[in-house]
Amino acid sequence: MKNGFVIAIDGPAGAGKSTIARKAAAALGFAYIDTGAMYRSVTWKLLQTGQPFSPELAGRLAREIRISFRPEGSLNCVFVDGTEVTEAIRSAAVTGLVSRVAAVPAVREAMVAQQRRMGREGDVILDGRDIGTVVFPDSPCKIYLTASVEERARRRGKELEAKGQAVDYDKLQADIVSRDKQDMERETSPLKQAEDAVYLDTSHMSIDEVVGAILKLAAERRLRA
């Protein structure tokens, strides 16, 4: 079956991939697949079991889990086995464990299979760590989206403050550096820029500017496809 037109956005944590991909998808009329939310969903499911992390448990849950997305206003709501987990998968407990879960080969195999199926069903935007390098290496439109550690920490801090949480910016920066290291050094599908991906540093760009750049690139690449 021929794939739809796939826009692959990769980049480190906190670069704004989800926000940008969601807005670009809405502008293009594409489906938005939040692959990071998929790995977070497996992690949430594992935590719900009350059992300690193990690659075997994570892999089994990834093969069994049913993940779906439903757009509701500005939100891309996430459901696991019929239960909405949009906020739950953003908890500190999930954030602290998701890199280990995502590094399990069996988990990645199960998630990649689901992502490729979604890409065959229509025009989609996916964001993650290995979309352009592993999941859809033949995508005609690949973007590596990033921002400085300081800017990513500032953005995350604003989100937490908006929720009434106290923010330690030094710790936020340290956590981001640690997460980058884990993602870039893992054995399975490490985070890296695909050779044919467009590098886009958003440190000094507004959301609308970034979305505009992606829409322009998508239009150019679609003409070539």
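This chain uses plain numbering: 1 for the first residue, then up along the sequence. Small disclaimer: the values here were computed from a predicted structure and weren't measured.
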Tell me, do F69 and I33 make a side-chain contact under 4.5 Å, heavy atoms counted?
-> yes
Can T202 and R155 be counted as having a side-chain donor-acceptor contact under 3.5 angstrom?
-> yes
Give a yes or no on whether L57 and V94 share a hydrophobic cluster (residues Ile, Leu, Val, Met, Phe, Trp, Tyr; joining criterion: side-chain heavy atoms under 4.5 Å apart).
-> yes
Tell me, do M118 and L126 make a side-chain contact under 4.5 Å, heavy atoms counted?
-> no
May I ask you to decide if A37's main-chain N or O and S41's side chain share a donor-acceptor pair within less than 3.5 Å?
-> yes
How close do A110 and A62 get, heavy atom to heavy atom, and via which atoms?
-> CB-O, 3.6 Å
Can you find a heavy atom in the side chain of I65 that is under 4.5 Å from one in the side chain of W44?
-> no
Joint hydrophobic cluster, L28 plus L145, side-chain heavy atoms closer than 4.5 Å = yes
Side-chain (D127) to main-chain (I9) donor-acceptor, under 3.5 angstrom | no
Pairwise side-chain contact, L172 with L160, heavy-atom cut-off 4.5 Å (strictly under) = yes
Find out whether R40 and V85 are in side-chain contact, i.e. whether some heavy atom of one side chain is under 4.5 Å from a heavy atom of the other.
-> no
Which of parallel (below 30°), tilted (30 to 60°) and perpendicular (above 60°) describes Y144 and Y199?
-> parallel
Do we see a donor-acceptor contact under 3.5 Å between the side chains of S203 and R152?
-> no
Calculate, to the nearest 0.5 Å, the distance between atoms CD1 and OG1 belonging to I131 and T35 respectively.
-> 4.0 Å
Inspect the contact between R224 and D196 and indicate whether a charged nitrogen and a carboxylate oxygen are less than 4.0 angstrom apart.
-> no
Test side-chain contact (heavy atoms from CB on, under 4.5 Å) applied to V101 and Y39, step by step | CA-CA 7 Å; V101 171; Y39 290 102; 5.6 Å; no
A106 and G59: which non-hydrogen atoms are nearest, and at how many Å?
-> CB-CA, 3.9 Å
Cluster link V134 to F136, ILVMFWY, side chain under 4.5 Å | no
Backbone N or O of F5 within a donor-acceptor pair of the D123 side chain at under 3.5 Å?
-> yes
How about I7 and R222: do any of their side-chain heavy atoms sit closer than 4.5 Å?
-> no
For salt bridge (Lys or Arg N to Asp or Glu O under 4.0 Å), just list the numbers for E87 and R90, CA-CA rounded to whole Å, side-chain angles, deciding distance to a tenth of an Å, and then say yes or no.
-> CA-CA 5 Å; E87 289 294 327; R90 304 292 171 183; over 6 Å; no
Starting at CD of E209, measure out to CG of L200 and round the result to the nearest 0.5 Å.
-> 10.5 Å
Determine whether V42 and V104 make a side-chain contact, defined as any pair of heavy atoms from C-beta on separated by less than 4.5 Å.
-> no
Short side-chain donor-acceptor distance under 3.5 Å, S99 and R186 = no
Criterion side-chain contact (heavy atoms from CB on, under 4.5 Å) on M184 and K192, from CA distance to verdict | CA-CA 7 Å; M184 292 176 177; K192 62 181 179 180; over 6 Å; no
Interatomic distance, I89 atom CD1 to I67 atom CD1 [nearest 0.5 angstrom] = 8.5 Å
Atom CG of L61 and atom CZ of R63: how far apart are they, to the nearest 0.5 Å?
-> 9.0 Å
Spatial distance of atom NZ (K45) from atom CG (L47) [nearest 0.5 Å] | 12.0 Å
Is the closest basic N to carboxylate O distance between E151 and R154 below 4.0 Å?
-> yes
Of all heavy-atom pairs between R129 and A13, which one has the smallest distance, and what is that distance?
-> NH2-CB, 3.5 Å
When rounded to the nearest 0.5 angstrom, what is the spacing between CD1 in I143 and CD in Q193?
-> 11.0 Å
Residues, nucleotides or ligands: over 12 heavy atoms within 6.0 Å of Q165 CD | yes
Is there side-chain contact between R108 and D130, with heavy atoms separated by less than 4.5 Å?
-> yes
Nearest non-hydrogen partners of A24 and L215, listed with the distance | O-CD2, 4.0 Å
Donor-acceptor under 3.5 Å (K17 side chain, P12 main chain) | yes
Other residues, nucleotides, ligands: >12 heavy atoms within 6.0 Å of Q51 CD = yes
Establish whether F30 and V211 are linked, either directly or via other cluster members, by ILVMFWY side-chain heavy-atom contacts under 4.5 Å.
-> yes
Evaluate the side-chain contact (heavy atoms from CB on, under 4.5 Å) criterion for residues R66 and Q114: first the C-alpha distance (whole Å), next the side-chain angles of each, then the deciding distance (0.1 Å), finally the verdict.
-> CA-CA 10 Å; R66 292 182 296 111; Q114 288 198 41; over 6 Å; no
Evaluate whether atom CD of E109 has more than 12 neighbouring non-hydrogen atoms of other residues, nucleotides or ligands under 6.0 angstrom away.
-> no
Looking only at heavy atoms, which two atoms of S139 and A8 are closest? And how far apart?
-> OG-N, 4.0 Å
Could you tell me whether the side chain of D183 and the main chain of L191 form a donor-acceptor pair under 3.5 Å?
-> no
Are Y32 and M38 co-members of a hydrophobic cluster defined by side-chain heavy atoms under 4.5 Å apart?
-> no
If every non-hydrogen atom of V6 is compared with every non-hydrogen atom of P140, which pair is closest and at what distance?
-> O-CD, 3.9 Å
Please step through side-chain contact (heavy atoms from CB on, under 4.5 Å) for the pair T83 and Q48, ending with a clear verdict.
-> CA-CA 12 Å; T83 299; Q48 295 306 295; over 6 Å; no
Pair K171 + D175: basic N to acidic O under 4.0 Å | yes
Pair S206-D208, side-chain donor/acceptor within less than 3.5 Å = no
